[in-house]
Amino acid sequence: MPFDHNDHYHRLLLRKLPPHGRTALDIGCGTGRFARRLAERGYEVDALDPSAEVIAEAEAVGGGPRYRQADVTALDLPEGHYDVISCLASLHHMPFDTVTRLRAALAPGGTLLVLGCYAGMTSWDVVASPANAAARVAVYATERLRGTHTPPLKPPVAPPDMRLPRIRAEAARLLPGSRVRQLLFWRYLLTYHRPAGS
Ligand SMILES: C[S@@+](CC[C@H](N)C(=O)[O-])C[C@H]1O[C@@H](n2cnc3c(N)ncnc32)[C@H](O)[C@@H]1O
């Protein structure tokens with residue numbers, strides 16, 4: 001049933017954008033849904049993903065971002081360049097310390113937004129599971145009524161292997177001043193602002 005946990009948090013992420021941002025990088029962009037939302041807000045967006053299949057789909061849709069088939073861990077990112085770097089459900093596909101390279105690519109005053117997946121159960125699952133079932137039924141019913149449902153191409157997925165306490169500890173170590181907030185649907189939001197004068 002078509003309820004996407006990552007897409008569900010787009011609005012939350014968009015509320016975290018810095019006020020005068022111009023340049024953005026979306027890491028593990030999949031078929032480009034969040035990259036296009038950044039472009040709609042006037043950002044010049046670079047969007048990358050190592051999967052040829054999802055990049056082909058993203059390019060077919062278009063919508064403004066410059067898509068590139070690339071593995072971020074093997075790429076030289078420009079230093080101090082991006083006002084926003086976003087990483088939706090993709091950081092757990094790579095070593096967590098990739099965040100230090102993302103931090104270096106942020107312009108002073110820039111914002112890193114990681115919508116991440118964590119391993120294991122938490123006490124929130126008691127609420128998340130029924131809320132998830134209800135949301136799936138609601139989205140499915142709405143799409144049936146509107147006649148809008150087309151099954152999306154699913155980007156590559158991988159199970160996360162870090163639990164939330166370790167993610168919090170690593171974020172504090174590698175990105176001092178960052179904030180990690182647990183979200184309902186098996187996700188966390190890591191927010192880091194590079195200080196303007198650094
Ligand atoms: C679960 S999907 C999420 C896709 C998209 N961000 C979304 O919200 O729908 C994870 C994506 O990360 C990409 N990915 C995996 N390893 C990567 C890497 N080393 N560099 C960049 N992207 C990577 C995968 O190809 C996949 O498209």
Side-chain angles (χ1 to χ4, degrees), residues 1-17 23-41 43 45-78 81-82 84-106 111-120 128 132 135-136 139 143 149-162 167 170 174 181 183-192:
M1 284 202 206
F3 173 56
D4 187 295
H5 297 139
N6 307 322
D7 293 5
H8 174 73
Y9 289 113
H10 283 189
R11 274 183 296 174
L12 172 67
L13 292 160
L14 293 169
R15 287 201 296 274
K16 304 285 178 193
L17 297 178
T23 51
L25 172 65
D26 188 41
I27 308 277
C29 63
T31 54
R33 287 194 300 277
F34 189 68
R36 285 190 288 280
R37 299 195 80 163
L38 290 169
E40 282 162 14
R41 276 156 182 78
Y43 279 83
V45 187
D46 292 325
L48 57 91
D49 199 292
S51 160
E53 202 183 6
V54 297
I55 288 294
E57 169 92 1
E59 281 175 336
V61 179
R66 281 184 298 255
Y67 298 105
R68 178 170 176 194
Q69 186 191 351
D71 170 350
V72 69
T73 63
L75 208 60
D76 282 330
L77 297 174
H81 181 71
Y82 292 103
V84 172
I85 299 181
S86 53
C87 206
L88 276 65
S90 56
L91 185 61
H92 65 285
H93 287 249
M94 51 197 94
F96 190 87
D97 64 7
T98 305
V99 295
T100 57
R101 300 186 52 240
L102 304 186
R103 181 189 59 193
L106 279 179
T111 301
L112 171 64
L113 295 170
V114 176
L115 180 71
C117 304
Y118 56 83
N132 182 49
R136 285 162 72 100
V139 172
E143 293 195 352
H149 181 61
T150 39
L153 171 68
K154 284 285 172 200
V157 292
D161 63 358
M162 281 172 77
I167 290 167
E170 285 296 283
L174 298 168
R181 173 180 154 200
L183 302 174
L184 181 59
F185 294 122
W186 303 282
R187 298 288 181 275
Y188 66 86
L189 174 62
L190 183 161
T191 319
Y192 172 77

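Computed from a predicted model, the values in this text were never measured in an experiment. Both counts, for ligands and for their atoms, begin at 1 and track the order of listing.
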ask   = Looking only at atom types and distance, does a side-chain atom of Tyr67 sit under 3.5 Å from a main-chain N or O of Gly62, one as donor and one as acceptor?
value = yes
task = Would you indicate whether the side-chain heavy atoms of Arg33 and Leu88 approach each other to under 4.5 Å?
result = no
inquiry  = Quick check against the 3.5 Å criterion: does His92 have a side-chain atom that pairs as donor or acceptor with the backbone of Met162?
reply    = no
remark   = shortest atom 13 (C) of ligand 1-to-protein heavy-atom contact is with Asp49 OD2, 3.4 Å
message = For atom 9 (O) of ligand 1, what is the closest protein heavy atom, and at what distance to 0.1 Å?
response = Arg33 NH2, 3.7 Å
request  = Return a yes/no value for Pro50: is any of its N or O atoms, backbone included, closer than 3.5 angstrom to an N or O of ligand 1?
outcome  = no
Protein contact of atom 20 (N) of ligand 1 - nearest heavy atom, named by residue and atom, plus distance = Val72 N, 3.1 Å
task = Answer yes when Asp26 and Arg36 have at least one side-chain N-carboxylate O distance shorter than 4.0 Å, and no when they do not.
result = no
ask   = What residue and atom, counting heavy atoms only, is the protein's closest point to atom 16 (N) of ligand 1, and at what distance?
value = His93 CB, 3.4 Å
key: Flag side-chain contact, heavy atom, 4.5 Å: Tyr192 against Val99   = no
inquiry  = Is it the case that ligand 1 has an N or O less than 3.5 angstrom from some N or O of Asp71?
reply    = yes
task = Please answer whether the main-chain N or O of Val72 pairs with a side-chain N or O of Arg101 as donor and acceptor at a distance below 3.5 Å.
result = yes
request  = Report, in ascending order of atom number, the atoms of ligand 1 lying under 4.0 Å from any heavy atom of Asn6.
outcome  = 8 (O)
inquiry  = Please evaluate residues Asp49 and Ser51 with respect to the criterion side chain to side chain donor-acceptor pair (under 3.5 Å), reporting the C-alpha separation (whole Å), side-chain torsions for both, the decisive distance (0.1 Å), and the verdict.
reply    = CA-CA 6 Å; Asp49 199 292; Ser51 160; 4.5 Å; no
inquiry  = Below a 4.0 angstrom heavy-atom separation, can you tell me which part of Leu88, side chain or backbone, both or neither, approaches ligand 1?
reply    = both
inquiry  = Just to confirm my output: which protein heavy-atom neighbour is closest to atom 12 (O) of ligand 1, and how far is it?
reply    = Ser90 CB, 3.3 Å
ask   = Nearest to atom 2 (S) of ligand 1 by heavy atom, Gly28, Ala35, Pro156: which?
value = Pro156
